[in-house]
Structures are given as C-alpha cells and as structure tokens.
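Read the structure below first, then the notes.
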Amino acid sequence: MADGRKRLGISRRLLLGAAVLGGAAAWGGTTLARLARDPSGAKDAGRIADFDGVSLPLEPLANPPAYDPSLPWLSKGGNINDASALSRTPVYGVVAVSEEDHVARALAFARQNGLKVSMAAVRHSMGGQAFDDNALVLDMRKFNKVTVEAEAKTMTVQPGATWHDIQNMLHPRFAVKAMQSTDIFSVGGSISVNAHGMDHQAGSVAGSVQSMRVMLADGSVVTCSRGENAELFRHVLGGYGLFGVVLEAKLDIVDNAVYQTSREIIRSEDFPAFFAEHLEQDRNIGLFYGHLSTAPGNFLEDMIVYRYDKVADQPPADMPALGEPDGVGMKRAIMNLAKLGDTFQSLKWYAEKNLEPKFESCTVPRTAAMGEGEACLVTRNNPMHDSVPYLFNDLAYETDILHEYFVPRGEYDAFIAGAREILRGQDLPVLNASVRIVHREDVALTYAPEPAFALVLYINQSADDAGNAKMRALTRAMIDLTLKHRGRFFLPYQLHFTRAQLLASYPELPAFLAKKREVDPGELFQSTFYRALKTAVGVA
C-alpha cells in the first residue's frame, strides 16, 4: 500500500513536471512566434500632444474648402502618423504627387483657400516634421523618377525615390555616395534632415548634393546650389521642408567598389585614438560602423568596429543582383527579446559578438574572393542595402524611438561615461547604440558646427502616458549632458526637448526662422515641428 502511494506520488510529480514543462514550451513557442511575427499593419498609438507644456493640437477648420476634383487625392480628411506611432494628426487631406504639375496645382489650391502645406514620404521622422493639423499633405512617394548620368557620375532624383530603389538601379556599376546606414528613407526626407551614415569620409547628404530645383510658396521654380541662390541652398538642406518643395536634386554617385570586411572589438574609451590612428587617414577604408554593447555587464564599454577596406574600384562582371535581408524572423525575435530584460540583452550581445561573424554574407563571387585569400568581400552597395525589416514588429502596445547626439571629438570619453550613467539609471530598454562620424556642416541649422562623434540610440518604450513620460525625462537628461559637453542633439525625433534646450543647442534658430519668413512670408509650408520651433523663440 505504501509502495503504491509512493508510486502514485512519483507519478503525480512527474505528471505535474511534464505539465509545467509542456506549458512553458507552449508559452515559449507562442511568445517567440509573436515576437518574430511580421507587422500586420502600421502602428497608431495616439499623439504626444504638447511641446514643453504648450498644447499642439489645433481646432478643426471652421469652414473647410471643397476638395478640388482635379487633384489626385489619396485621402480627404482623416489622420496621419509617423514611424513613432505617437504623432496621430488630423489633416485636411493628402494628395498623391506623381508629377510636378500636381505640386503646382496643390500649392495654388492651398493659397487660394488659406490652407497650409506639408510634405511627406515614408515618414520616419518622429515629431510631426512632415505634417500638421488641418494641413494639405503632399505624399511624395510616387514622385520618384531617377536618371543616371554615367559619364558625370551624377544622378538626378525626384524626392520620393527611396535609397533602396536607387541602389537597385545603380547596381552593379555605381553606388550612393552619402545616405543613412539603412536604405528605407526617401531622398527628399534625407535632404530635409541632412542625413549621414556609414561613409565617414563622404560626410552628410549635403556634401553629395550638387544642385536642386525647388518650388517656392508662390509657385515659382528656382535652381539653387553652392554657386546659385546659395542661401536658399543652405536652408533647404536640413531645412525640414519649410522653404519649398524639392522637385529634383542632382547628387554625386561613386563607383561600386569592392571591400574586404573585417571587425575588431575594442574598448569604448579607446575609440577616439583608434579612429585617429586607423580610420581617419586611410582613404582605402570606404565604410565604417561602430556598434556599442548594450549588455548589462559592459554597457557602452565594448565596441565592435566594422570596417570595409577597398580592394578594387569595380565589382567583377558576374556580380549578382542585390539581395534582401535574410533571417528576418530570427533577428526580429532577438531584438524583441532584448526588450524583456538583462538576460536577453546579454544574449543579444553574445549573438552579435560571437554568432554574427559565422553568418556573414560575402556577396562578391567566389572566383574573385579567391584572389584575396578567401577573404569576405562585398561591394559598397551590399552593406548599405539594408531595409531593416527586423526592426518592424506586430507589438501594438510599444514603439522604438531614435535619439542622436553630436559632441566635439575631444569630448567623446567624458560624454560616453555620462551617457552610461544616465542610461543605466533608467528602465527603458536600449536596443542599439552606435557611433558615427560627422564633419563640420555648412548648412543653416547645423547639428555639427565642428567635427563631431555622434551617439545614435534606439530605445524601446510602452506606447502610453507612462512610456512617454519616461522617454521625455530620458531625452531631457541626455540633452543636458550633450550641452554640458558642447554638443547638439538631432531634430528629426520626438519633441521632448525644452525651449531652453533647443535654443542652447541651436542659437542660430531665430535667424533660421527669419529666413523662413523671408522666403515664405505667408508661411504656406507648415508642420507641427515648425510650430514648436516658433514657440521656442516666441514667434506668434
């Protein structure tokens, strides 16, 4: 009898254990499937409705004008949002621009009816930079023609073209000279924020722009460059769409060089010397990327330095077409698991440090690689052709926010030490931290009045009031640290900064806004972001 009870007890314990393990396995499988799942649609989590305590929403139009039936309306009324999912804004309507005449007629309609105009494409800015309450929004995504001038090594591009599509067109002979480190953005958007990326020698997009054709608020079209209408040129570059509609831009392109890839792990505090000694003066290093650890054990302490050394000016004749990212589900799951705590952050860093090299994709055909001792070779287009689909998920209750801070190069170590202390002392998950190189930028609203290192952060938050409050506090702490080290913060992101922080970082802002009113006296071109800028300098 006792033996029977004992056997029954063992059986019950085994049964209970099996049930727990089975339940855990089922939960784990369901959770992983959810974390790896493709987005089911665009996120829309509401609106951060103030800038430094000043309310952003406007009253609806009292007597909205009738819609012009000759314009190609994508929507009449409705809401629009951006990549943050936290900028839901009611608009008058959206016009799907596919030709220059659409722009001219839309601007004329807006002038005649007292409407404001904003320009948008893929909308990866995060603070209402591309739209505003009651605005007529020009959706530029179909205004995307690209013409390549091979002999001159230039291309003429309409603003809705994405870098992804441009790369597919240029490959295999040519490559983009300057763009962000991912290719999901539009040319018009990149010009409006003066974006920069992996080429530490080429600098920002502004450095690759030869000239632009711009339609002003009165409907006139002007050409601007460094030698013609130079002040307009300096204000359109990094001008957030406030001076006119870019109809086309002529950009430099470069040869699609072949690079040998390598990676090295260094300490973060060694980076300034490493850059000066090994990267800055070597003209054969075509691309560079510095990735900082976000694992709790060595947070912002270790850095993986990815470098791309040129071994040939042109790819071989049998160069295959550009491929799309692989392993998307696994990468997305790893990124989303990292939001769940220190253990998964450590796992992510382990994968980046130890597993990633084993899955490195060498895209130049093996026949060419053999001449380099079986080295991993890629063309310039390959590492720049990343649409980061693994960053987009189906988790409706949260969102991921970008930050970027620029500090003079001599301030790097002290700044990183301060950033480490701030970021460790709060509970929003830091999913990615990288270091970029920027040169002194000669544009009106510059983020780099002198050569600088940039810290780029990708941070997760819940898409609710509590998450917004935490992100606002963190943003302001990081900006205070940046200002302490004579730096500046990037403006395409959420409007969490204070008026005092904005003016301290951009003392030229009043002159920038005065030029805006000179070029566009009726303030036809408008955005939520623009209203925040005006609030900061006390302009009604």
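Sequence positions, counted from 1, serve as the residue numbers for this chain.
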When you check the side-chain N and O atoms of [X] and [Y], is any donor under 3.5 Å from an acceptor?
| X | Y | result |
| --- | --- | --- |
| S527 | Q129 | no |
| S387 | E324 | no |
| K43 | N393 | yes |
| R436 | S181 | yes |
| Q314 | N256 | no |
| T363 | N382 | yes |
| D82 | S84 | yes |
| T528 | D132 | yes |
| E352 | H291 | yes |
| Y306 | E356 | yes |

Those residues that, when tested against [X], pass side chain to side chain contact (heavy atoms under 4.5 Å, CB included) (two or more places apart):
| X | result |
| --- | --- |
| T399 | L86, I401, Q461 |
| P272 | Y412, D413, F453 |
| E508 | L445, T446, R488, Y506 |
| I265 | D302, I304, K353 |

Using every non-hydrogen atom in the two residues, find where [X] and [Y] come nearest and quote the distance to one decimal.
| X | Y | value |
| --- | --- | --- |
| F525 | G241 | CB-O, 3.8 Å |
| A130 | S118 | O-CB, 3.3 Å |
| E441 | A206 | OE1-CB, 4.3 Å |
| I253 | A175 | CB-O, 3.5 Å |

From CA spacing to verdict: ring pair (Phe, Tyr, Trp, His ring centres under 6.0 Å), F489, F406: CA-CA 6 Å; F489 65 97; F406 308 89; 9.4 Å; no

Sidechain-backbone polar pair: E228 side chain, S211 backbone, donor-acceptor under 3.5 Å: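 Such a contact is absent between E228 side chain and S211 backbone.
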
Side-chain donor or acceptor of R440 paired with backbone N/O of A448 under 3.5 Å: no

Evaluation steps, side-chain hydrogen bond (donor to acceptor under 3.5 Å, both in side chains), between N460 and D400: CA-CA 4 Å; N460 178 254; D400 303 323; 2.7 Å; yes

Would you check if [X] and [Y] make a side-chain contact, meaning some heavy-atom pair closer than 4.5 Å?
| X | Y | answer |
| --- | --- | --- |
| E404 | L455 | no |
| F233 | R226 | yes |
| Q260 | K310 | no |
| M212 | L237 | yes |
| N336 | K331 | no |
| C362 | L377 | no |
| T162 | N144 | no |
| Y259 | V311 | no |

Crowding at CZ, R307 (>12 non-hydrogen neighbours, <6.0 Å):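 Check passes, neighbour count above 12.
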
Test log, rule side chain to side chain contact (heavy atoms under 4.5 Å, CB included), inputs L533 and L513: CA-CA 8 Å; L533 297 186; L513 294 180; 4.2 Å; yes

Sole residue of K516, K116, R517, K534 in side-chain hydrogen bond (donor to acceptor under 3.5 Å, both in side chains) with E523: K534

Going by ring-ring contact (aromatic ring centres under 6.0 Å, His included), name the residues that satisfy it together with [X], two or more places apart in sequence or in a different chain.
| X | value |
| --- | --- |
| F299 | none |
| F131 | none |
| F243 | H235, F512 |
| Y530 | none |

Pairs flagged by salt bridge (charged side-chain N to carboxylate O under 4.0 Å, His left out) wherever residues 187-211 is involved - sequence neighbours left out: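 Of all non-adjacent pairs touching residues 187-211, those that pass salt bridge (charged side-chain N to carboxylate O under 4.0 Å, His left out) are D199-R380.
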
In a table with atom names and distances, give each donor-acceptor pair under 3.5 Å that connects a side chain of residues 244-252 to protein atoms at least two apart or in another chain.
from: D252; atom 1: OD1; to: Q210; atom 2: NE2; distance (Å): 2.6

Option among L457, L423, L474 that satisfies the side-chain contact (heavy atoms from CB on, under 4.5 Å) test with L428: L474

Criterion side-chain contact (heavy atoms from CB on, under 4.5 Å) against V97, the qualifying member of D139, V137, V103: V103

Between OH on residue Y308 and CG on residue L287, distance to nearest 0.5 Å: 7.0 Å

Residues that R486 engages under salt bridge (Lys or Arg N to Asp or Glu O under 4.0 Å), provided they are two or more places apart: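 So R486 forms a salt bridge (Lys or Arg N to Asp or Glu O under 4.0 Å) with E411, E450.
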
Summary of ring-ring contact (aromatic ring centres under 6.0 Å, His included) pairs that have at least one residue in residues 148-188, sequence neighbours excluded: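 Every ring-ring contact (aromatic ring centres under 6.0 Å, His included) pair that includes a residue of residues 148-188, provided the two are not neighbours, is H124-F185, H164-H385.
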
Aromatic ring pairing F288/F275, orientation class (parallel under 30°, perpendicular over 60°, tilted between): tilted

Aromatic ring pairing H278/F274, orientation class (parallel under 30°, perpendicular over 60°, tilted between): tilted

Verdict with reasoning, S220 to D218, per side-chain hydrogen bond (donor to acceptor under 3.5 Å, both in side chains): CA-CA 6 Å; S220 62; D218 62 4; 2.6 Å; yes

